Amino acid sequence: MAELPKRYDPKAVEPKWYQRWLDNRDFVANPESSKPPFSIVMPPPNITGMLTLGHVLNDTIQDILARRARMQGFEVLWLPGMDHAGIGTQTAVEKYLRRTENKTRHDLGREEFLRRVLEWQDKHGGIIIEQLKRLGCSCDWSRQRYTLDDAYAAAVQRVFVELYDKGLIYRGRRMINWDPAAQTAVSDEEVISKAQKGYLYFVRYEIVEEPGNFLEIATTRPETIMADTAMAFHPGDKRYLNLLGKHVWRPLAREKIPIITDEAIDPEFGTGILKVTPAHDTLDFEIGERHNLAIIDLLTPAGRVNCPAVPELHGLERFEARKKAAELLQERGLLAKAEPYENNIGFSDRSDVPIEPRLSEQWFLRYPKTKEALAVVRDHLIRFFPAHWEKVYAQWLENIRDWCISRQVWWGHRIPAWYRKEKSETCEIYVGLEPPPDPENWIQDEDTVDTWFSSWLWAYEIMDPQTRKKFYPTSVLVTGPDIIFFWVARMIIAGLEFKPGKSSEIGDNIPFHHVFFTSIIRDSQGRKMSKSLGNSPDPLELIDKYGADGLRFGLMRIAPTGQDIRFDERQIEEGRNFATKLWNVARFRQMHGPSDAAPQIDAQALSIFGVEVLVRLNETIDAIDSAYREYHFNLVAQHLYSFVWSDYCDWFVEAVKTDIFSEDETKKKSALAAMDLVLSATLRLLHPFMPHLTEEIWSLLALGRGSIQFEAPPEKFAFDGVANVVERRQLVSAIYETVQAGRNLRSASKLPSNRKIRFILRTNNKSISEQIPTLSRLLNSEELTLNPSYTASPGTPVAITPLGELFLAVSAGDQVRERERLDKEIARIDEEARTVAAKLQNSAFVERAPAAVVEEHRRRLNDLNAQLTKLKQAREALN
RNA sequence: GCGCGGUUAGCUCAGUGGUAGAGCACUACCUUGACACGGUAGGGGUCAGAGGUUCGAACCCUCUAUCGCGCACCA
C-alpha cells in the first residue's frame, strides 16, 4: 500500500482515473444487459462552443445521476452529442470571413461557404467534448452523436415530409419576426422584449376634405410613414366620428389614404389615432387584413429604407431614417412635438438587434399533440422539478401559435421542398425525401430548418433501434429553464407525435419521465454570465486551480433548485478544501494499518462514539436519499459535508484516538473497523460528486476489490446486538457538551490553546470514569480528575455540564474575571429559564401542545434551574 | 396587465408550526502524534413590513414594499 502524500493532487489523479475508466469501457451502455435501464440524453452543446459554468453545473448534475444509478445497479446510458447551431455557427464563420477575406457568404456561394463552415468546424469544433472529459463526465462516448450526422439529418428530413403530408407543415405568407442582422426569420421564442429609450413623435396629417385642418397621431416610427395606408380610430371614440370616411394626405410619399375605425385601437394612447402600416407591424397587418388595405413594404432585408419616392430617406439604415424622417417632418411643419419615450421592443435573441415585423413567405408548423402534451405534464406522467415550471409550460402550450421553422441560413438541414421553375400564379411545390424525378425543372428551397426543429428529435433519434428499445423513454432530462419552450416542450410533442417507443402507449413515448431544471449562474453582482461582460470564469482554469472534484462539489453545494446561483469562487475553494479534508482523514486511517474491505463491527466492543457516528451515518444516508428524490443536490452535498467534517473528523476521529493509540487491541480494532465502515460508506456516498478522489482513496485503502463505480450505495448499519443505543448516544452528547463547556472555560479564562491545564470534574457518576482519557484528550488537558467531593477555592472557573461541575484548575484564579464570567453566564441562563417557565405557565400551551414538546420544556427548565443554583453558589463563593 | 420566484448574520445560502442554522468573512488563541486548503473559542440576525389564523409563525393566510424572471401589451 502506497503512502498517501500530505496533499491530494488532482492534476495527477484525475486524468489517471478518467483514462482508466475509458479504457475499461466503464461508461459504455449495454442494451442487452438484464439490469434495469437508466438513461439521460445530454442537452447537446454547440459544436463550436466552449465549456461554461452553466455546462459544468448541468453536466455535473447529469454525471451525479448517472454515477449514482450505476452504483445502484442500473444499466446506465448517458448519451452525449453536439448541436450544429445553425444561425450561431453560420454567423461566427461569416464574421471570420469578413475579417480575413472581406467576403460575404454570397460572394462564395452556397457550396463553397458550406465547405468553409466544415473546415472551421473541424478546426474549432468538438473542443467542448474534451473539456467535459476533464470534468469527469461518464458519458458513453462510443455513442456520441451530432445533429448533422447522416442518419440524424435523414430523420429530420423524414419528419418534415411526414408533417407536410399530414398537412401540419405548410408554406405561407405571414407576418414573421425578421432579424435584419442575421437576415433570417426567427421564431416567437427567439424574440426577447427589452425596454428601449426613444421618442414618441406627434405628426400632423392634413385632412384631404378639410384643407388646413390636420389630424395628429403619435408614432415611434416616423420612418415607416411612407408605408401608411390608412388612419384608424376606435369606433366608440366620439372625437373623430365626423372624420370617418374622409381621407388624409400622407406627409411623406404624399398620397391620399382613408380614415377608418377599428376595435383594436386604444383611444387612450397618444391622440387616439393610429397610423396603419400593415407591412411593418403585426397589429397594423391585422387591421389591414380586416379593411383590405394595401401593403407597402419599404424595408430591405438588411433593414434599410427602400423608397425612391423620398430620396432623402432612400437607402438609409432604419434608425438613421427615423431621425431623418423626423427632421423632414419638422422642416415641413408637420411635427407637432417629440416626447422622450420608453417602450418595449422585441430584440433578436441571436443578434441583439430590434426585430422587424415583416411579411414573408415562410414554412410553418401547426403543432400537433398540444392537448396531449399538456396532459402528460398535468397528470405527472412527466414530472418537473421544481414543479412550478409546470405552470410556465402549460401557459405556453395553451397560447401556442404556429412555429415558423424556415431560416434564411445555409448551415443546417436544408428544407426538402422544390418549386417548379416556370413562373405561374400558383407555384407548384414538391416535398419529398428524394429530389423530384425531373430535377432540371425544379429548384430546391434555399432555406434550412430552425435548429430546434432538429433538436426536438434528440431524445430518441440519437439511439439506434436496439439502444432505443432498452433506454427510451429516458429517465430524466437535466436542462436550464431558459429552453423549456425551445426544447423541452417540443421534445414532448415530438415524442407524442412520432411515437418512437416500443408500443404506442403514451407512457412508452414520452421522451423522459422527469425533467430537472437547473439554475442559471450569475456573477457575484447578480448579472448573467456573458462573454461580452467578461464575467464568466473559465471552468478549465477552475479545474486547474481546484481540481474537477473540487469544482463539482463546490458548485453543487451552492446550487439551489429553481433559483439563480450567484457564483463565488470562494465556494469552489471550499470544495477543494473539502477534498483535502477527506484525503487527510483517509491518510490518518491508512497510517494505522491496512483497512478491511468488509469491516466486521463487534457489537460488544463498539465504543459509544462508534454508536454515535454510525447513527449519524444512518441519518445521513436517509437524508441523502430523500434529497435525491427531490433533486436537491445542494442538500446532498451539505449533508455529506457536515457528516464528514463535523461528525466524523471533528468528533468521532478525535474521540477514538484514545482507542487507536491505546494498548488495548480490542478497542483499537473496533475503532479502526468503525472507521473503515464509515469511510467506505462515505466514499460511496460521495463518489457521484467527487468521482476521481473517491476512486483514488478507495483504491489506496483497498476498500473494495474493484472500482468504486459499481459498488452499491451503503446500507444503513443494522445495530444488531448493540445494546442501549439511546442511552449511549445520550452519554456521548453529554461528553461532547462537557468538552465544549471545558474549552469555553479555557478560552474565557484567556488560557492559550497550547497550555496544558488541569480540569476537575465533580460528579457522583462513577460510570464516566472510563471516558476520562477521552474527555481529557478532547479538552487538551494535562490532567482530568474525577472528584465527587471536590471543594473549589473561590475564583475557580466552573461550568455546569450534563456530567457534573467542571472546574478549571488554575494556580492563581483571576477572581475578577471569573466573577464577570459567572455573572454573564447566570444572566444568560436566567433569561432562558424565564422564557421557558413563562411558556409552561401558559395553560393553553400545556393543554394543546404535543405532550413530548411540553415534556421537553419541563426537562429543560429543570436543567436550567439546576445549573442556575450551582452557578449562583459558585458566584456566592467569590464574594 | 397576467403569472412565477425571491427578500433569513457583512457575503453566499439552508431551514414547511415547537429554544434562529451552515460555510465564508471577522476577533482571539494555537503548528497538539490526518489536515494551517487545519484546530478551538467568540462576536454578529425585532427571519423585508403590516395584519390575520394558532397555545405557539421565518414557516400557513391576506395585503404592502422591493428585486428578478416569463407571458401579453408596446401607435
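Each chain gets a letter, A, B and so on, in the order the sequences are listed, and its residues count up from 1. None of these values were measured; they are calculated from a predicted model.
- Looking at the side chain of A:Asn343, the nearest of the listed nucleotides B:G18, B:C74, B:C4 is B:C74.
- Under the Watson-Crick or G-U wobble criterion, with both distances below 3.5 Å, B:C4 is paired with B:G68.
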Would you tabulate the pairs of protein nitrogen or oxygen atoms and nucleotide nitrogen or oxygen atoms of nucleotides 42-47 of chain B closer than 3.5 angstrom?
from, atom 1, to, atom 2, distance (Å)
B:G42, OP1, A:Asn744, ND2, 3.0

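- Counting atom types as modelled, A:Lys581 pairs a side-chain N or O with a base atom of B:C35 as donor and acceptor under 3.5 Å.
- The separation between A:Phe578 atom CZ and B:C35 atom P is 18 Å, rounded to whole Å.
- At a threshold of 4.0 angstrom between heavy atoms, the contacts of A:Ile484 with the nucleic acid are absent.
- The side chain of A:Asn842 contributes no N or O atom lying less than 4.0 Å from OP1 or OP2 of B:G56.
- B:A72 sits 36 Å from B:A9 when the P atoms are compared, rounded to a whole Å.
- The phosphate of B:G5 has neither OP1 nor OP2 within less than 4.0 Å of any side-chain N or O from A:Lys391.
- Taking the six-membered ring where the residue is Trp, A:Trp396 and A:Phe485 present parallel rings, their angle staying beneath 30° rather than reaching 60°.
- Counting only residues at least two apart or on different chains, the salt bridge (charged side-chain N to carboxylate O under 4.0 Å, His left out) pairs with a member in residues 833-847 of chain A are A:Asp830-A:Arg834.
- A:Asp650 comes within 4.0 angstrom of the backbone, heavy atoms only, and of no base.
- For A:Asn577 and B:C35, the shortest distance from a side-chain N or O to OP1 or OP2 is not below 4.0 Å.
- The side chain of A:Arg860 sits closest to B:U19 out of B:A34, B:U19, B:C24.
- Relative to the ring axis of A:Tyr546, A:Arg576 does not place its NZ or CZ within 45° and under 6.0 Å from the centre.
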Got a list of protein N/O to nucleotides 70-73 of chain B N/O distances below 3.5 Å?
from, atom 1, to, atom 2, distance (Å)
B:C73, N4, A:Asn344, ND2, 3.4

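- Under 4.0 angstrom from either OP1 or OP2 of B:A41 there lies at least one side-chain N or O belonging to A:Gln740.
- Heavy atoms from other residues, nucleotides or ligands lying under 6.0 Å from CD of A:Glu831 number 12 at most.
- A salt bridge links A:Glu574 to A:Arg557: one of the charged nitrogens lies within less than 4.0 Å of a carboxylate oxygen.
- Spacing of C1' atoms, B:G42 relative to B:A34, comes out at 26 Å, to the nearest Å.
- A gap of 16 Å separates the C1' atoms of B:A48 and B:A57, to the nearest Å.
- When each of B:G33, B:C37, B:C35 is scored by its nearest atom to the side-chain atoms of A:Asn584, the top-ranked nucleotide is B:C35.
- The separation between A:Ile483 atom CD1 and B:C69 atom C1' is 16 Å, rounded to whole Å.
- With distances taken from any side-chain atom of A:Thr580 to the nucleotides B:A14, B:C11, B:C35, the minimum falls on B:C35.
- In terms of polar N and O atoms assigned as donor or acceptor, the side chain of A:Glu574 never comes within less than 3.5 Å of the base of B:A22 in a complementary pairing.
- Nucleotides B:G15 and B:C2 have their P atoms positioned 30 Å apart, rounded to a whole Å.
- Phosphate contact (OP1/OP2 of B:C37, side-chain N/O of A:Arg576, threshold under 4.0 Å): absent.
- You'll find that the side chain of A:Phe661 is closest to B:A34, out of B:C30, B:G18, B:A34.
- Using a cutoff of 4.0 Å between basic side-chain nitrogens and carboxylate oxygens, A:Glu356 and A:Arg318 are scored as salt-bridged.
- Between A:Leu778 atom CG and B:U32 atom C1' the separation is 13 Å, expressed in whole Å.
- Summarising the geometry, the separation between NZ on A:Lys750 and P on B:U27 is reported as 15 Å, rounded to the nearest angstrom.
- In this structure, CZ on A:Arg755 lies 9.0 Å from CZ on A:Arg746, to the nearest 0.5 angstrom.
- Distance noted for atom P between B:A20 and B:U12: 24 Å (whole Å).
- Separation of the C1' atoms belonging to B:G52 and B:G44 is 32 Å when rounded to the nearest angstrom.
- A:Thr835 and A:Glu832 share no side-chain donor-acceptor pair at under 3.5 Å.
- Of all nucleotides present, none satisfies the Watson-Crick or G-U wobble test against B:A25 with each distance under 3.5 Å.
- Distance CG (A:Leu775) to P (B:U40): 16 Å, rounded to an integer number of Å.
- Below 30°, between 30° and 60°, or above 60°: for A:Phe233 and A:Tyr240 the angle between ring planes is between 30° and 60°, a tilted geometry.
- The aromatic rings of A:Phe517 and A:Trp389 are tilted relative to each other, their planes meeting at an angle between 30° and 60°.
- Comparing the P positions of B:A36 and B:C13 gives a spacing of 30 Å, expressed to the nearest Å.
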**OP:** Take A:Tyr205 and A:Phe214 through the test ring-ring contact (aromatic ring centres under 6.0 Å, His included) and record every step on the way to the result.
**Re:** CA-CA 5 Å; A:Tyr205 287 52; A:Phe214 291 84; 9.5 Å; no
